[in-house]
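To find a chain, count down the sequence lines: A is the first, B the second, and so on, and within it residues start at 1.
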Amino acid sequence: MNAPRVRFAPAPTGFLHVGSARSALFNWLYARHMGGTMVLRVEDTDVSKKTQEFVDAILEPLQWLGIDWDEGPYFQSDRIDSHKAAVDRLVADGRAYRCDLTRDQVEALSAEAKLSPGYYGWSRDREVAPGPGVVVRFRAPDHGTTVIDDVVRGRVEVAHETIEDFVISRGDGSPTFLIANAVDDHEMAISHVIRGEDLLNTTAKVMLLWDALGYGEPPTYAHLPLLVNEQRKKLSKRRDDVALSDYVAKGYLPEAMVNALALLGWGPPDEVEIRPLQEIVDLFTLEAVNKSAAFFDIKKLNHINAEYIKALDPARFTELVEPYMTADEAPWPAAAYRAEVVEALAPEIQQRIVNLSEAPTWVSWLFVPAIEHYDEKSWNKAMVKGRAAGRVLDEVIAALDDDPFDDPATIETAVMGVGNRLSEEFEVRVMSQAPVRVAVTGHSAGIPLWQAITLLGREATLERLRAARARLGG
RNA sequence: GCCCCCUUCGUCCAGUGGCCUAGGACGCCGGCCUUUCACGCCGGUAACACGGGUUCGAAUCCCGUAGGGGGUGCCA
């Protein structure tokens, strides 16, 4: 068997859809697994959307995912002459004909004939002359069956009676994607067409054109299960978060995204889900792709992303997180940010976040001059309801005054010592960490306190403790 | 309406006639660890849509039913 040639053929809609990304990935996995060729073809037959902006919106996310291609991008709009030639040939051969009926007229005719809505070859013998508004329709066979030998779906039969005389050239003379598909797949010697199940219905039409054009053996088809939302509906631009770029912005790692996408409609035989891309390439086969639609579950993506983040080495993590740390939305001025401090804290942050954009909240206390806003719940729990919070702060301030501040362990001993002493005094457990944490970080949840205090240093820590003590009053 | 496709835990995947009293992962619940939040570890919950066949034997094969989805454009 020759090395396969596959193609990813997105329409330039202005962004890359998660579903398209999954299709691209499966094409890519198959090509790489088989040592084949990946062709990229932009299907811009409709309007002229071939602006650099629209094209980049597709290509950039692909590159981000690590999906590369060996040929292209080709543009269908550049190949319009070939498509037109094919249309002319079909007309000349009597396999297609012109039609000047509008959509309304077609509907009226089917209603009049008491048939379900559709086109029933009304213009087959009308000898319509070419001209503006005149389309070309393929003369679909009245009898027989087209069989699609789909790698994932098996044998799919479509009776020719159910295929209407579909349009292959629009009223303005531009060819439709059906004819462009047949012509391009043929001329680009595509051996495997791997795409979403939503295109299964068009396959018989393209195969009919393929045959009418005398192209011989059609490519092998593989229709992937659809990606759906919680309501089990096809992922849609309007309702669902489908733009890959949004996931990029939120701080999902490409490795995690690609790993998660690979797990929708396919699974490795050994059941190891999180693994390097190369292993997925090695294990991937089209035959193992399943047939049923898959819900794109953000929870699973989150878990996978969290795993990849935890596995990052601190330097790399710091690098990746920098854009979020210095963004305008960050709780401190970009100039106050210090990467080496974050790197020191990296492992602590890494085990607490699901995506990179969450990183700043874990160090929101770090690069600001003082705590301006205490989390209300935290303050209430630790200071107001907390036992002897005022005493704890007083004594910790006193204890820390003498502390050398160079070692988390010493700080821990000092703060915990206060808690233990007060516990004895009041004969009830007094937690010293909570009030100190809230005073220093403004929140009851966070990275290990002793480390935080060490990083902050003596002056800032004492200042914050005193500020909180004053705020507490009493 | 018509055409096409699909149907294993809530979700994703494994399972291709006996290894299945159905396995893994996410989620959820419980526990351990812990003077924060997490991480980690341990345990639990939970499914072969239904009905008929075929077979010594069916989640796996066949038929039917039901449910879900996709398509039905001079979009792709």
Side-chain angles (χ1 to χ4, degrees), chain A residues 9-13 43-47 76 99 101-103 106 115-119 133-137 148 150 152-154 156-159 161-164 166-178 180-181 195-204 223 225-226 228 230-234 260 263-274 287-288 290-304 306 310 347-353 362 378 381-382 412 415-416 419-420 423 429-434 436-438 441 443-449 452:
Chain A
T13 52
E43 307 223 317
D44 55 347
T45 54
D46 185 19
V47 230
Q76 250 173 5
C99 171
L101 265 28
T102 64
R103 191 170 161 73
V106 169
L115 291 164
S116 53
Y119 183 84
V134 174
V135 305
V136 177
R137 290 179 179 273
I148 306 159
D150 196 281
V152 342
R153 274 159 221 281
V156 177
E157 297 185 17
V158 183
E161 301 93 89
T162 69
I163 299 175
E164 80 282 6
F166 52 90
V167 173
I168 57 177
S169 176
R170 303 187 184 90
D172 64 359
S174 65
T176 65
F177 104 108
L178 291 164
N181 238 264
R195 31 127 84 146
E197 197 203 337
D198 49 345
L199 292 167
L200 183 54
N201 289 285
T202 68
T203 304
H223 286 93
L226 250 27
V228 298
E230 212 151 8
Q231 285 80 240
R232 298 256 122 205
K233 303 250 200 268
K234 186 168 87 160
L263 264 14
L264 295 170
W266 177 84
D270 60 8
E271 303 191 328
V272 177
E273 297 187 322
I274 299 180
E287 289 72 20
N290 58 212
K291 306 171 200 281
S292 42
F295 169 44
F296 179 61
D297 192 353
I298 194 80
K299 286 185 185 145
K300 185 90 171 196
L301 206 215
N302 283 342
H303 171 255
I304 294 173
K310 281 199 269 283
E348 296 295 345
I349 305 171
Q350 283 171 267
Q351 65 173 346
R352 271 164 252 257
I353 62 176
W362 290 92
S378 301
K381 194 169 157 222
E412 175 175 4
V415 176
M416 296 302 262
N420 293 338
S423 292
R429 191 86 189 145
V430 173
M431 307 292 208
S432 55
Q433 186 176 169
V436 175
R437 176 182 294 279
V438 173
T441 70
H443 207 287
S444 60
I447 64 163
L449 223 209

Rounded [atom1] spacing from [N] to [M] in Å:
| N | M | atom1 | value |
| --- | --- | --- | --- |
| B:G71 | B:A76 | P | 15 Å |
| B:U72 | B:A59 | P | 39 Å |
| B:U55 | B:C13 | C1' | 29 Å |

Is the phosphate of [N], meaning OP1 or OP2, less than 4.0 Å from a side-chain N or O of [X]?
| X | N | answer |
| --- | --- | --- |
| A:Lys233 | B:G69 | yes |
| A:Asn290 | B:A14 | yes |
| A:Arg103 | B:C74 | yes |
| A:Lys234 | B:G71 | yes |

In the structure shown, which nucleotide is the Watson-Crick or G-U wobble counterpart of [N], with both distances under 3.5 Å?
| N | answer |
| --- | --- |
| B:G18 | B:C56 |
| B:G44 | B:C28 |
| B:G64 | B:C50 |
| B:G1 | B:U72 |
| B:C37 | none |

State which of [options] makes the closest approach to the side chain of [X].
| X | options | answer |
| --- | --- | --- |
| A:Ala11 | B:A76, B:C6, B:G69 | B:A76 |
| A:Glu271 | B:A76, B:C39, B:A14 | B:A14 |
| A:Asn201 | B:A38, B:A25, B:G71 | B:G71 |

Answer with yes or no whether [X] presents, from its side chain, a donor or acceptor under 3.5 Å of a partner atom in the base of [N].
| X | N | result |
| --- | --- | --- |
| A:Asp198 | B:G71 | no |
| A:Arg352 | B:C37 | yes |
| A:Glu273 | B:G24 | yes |

- Item | Test side-chain hydrogen bond (donor to acceptor under 3.5 Å, both in side chains) applied to A:Glu197 - qualifying residues, sequence neighbours left out |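 A:Glu197: no side-chain hydrogen bond (donor to acceptor under 3.5 Å, both in side chains) contacts found.
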- Base, sugar-phosphate alone, or nothing: which one does A:Glu348 contact when heavy atoms must sit under 4.0 Å apart?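 It contacts nothing in the nucleic acid.
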- Send over the distance from A:Phe295 CZ to B:G69 P, rounded to a whole Å.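 Whole-Å distance recorded here is 15 Å.
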- Message: Just to verify, what does A:Phe166 make a ring-ring contact (aromatic ring centres under 6.0 Å, His included) with, not counting sequence neighbours?
- Response: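 So A:Phe166 forms a ring-ring contact (aromatic ring centres under 6.0 Å, His included) with A:Phe138.
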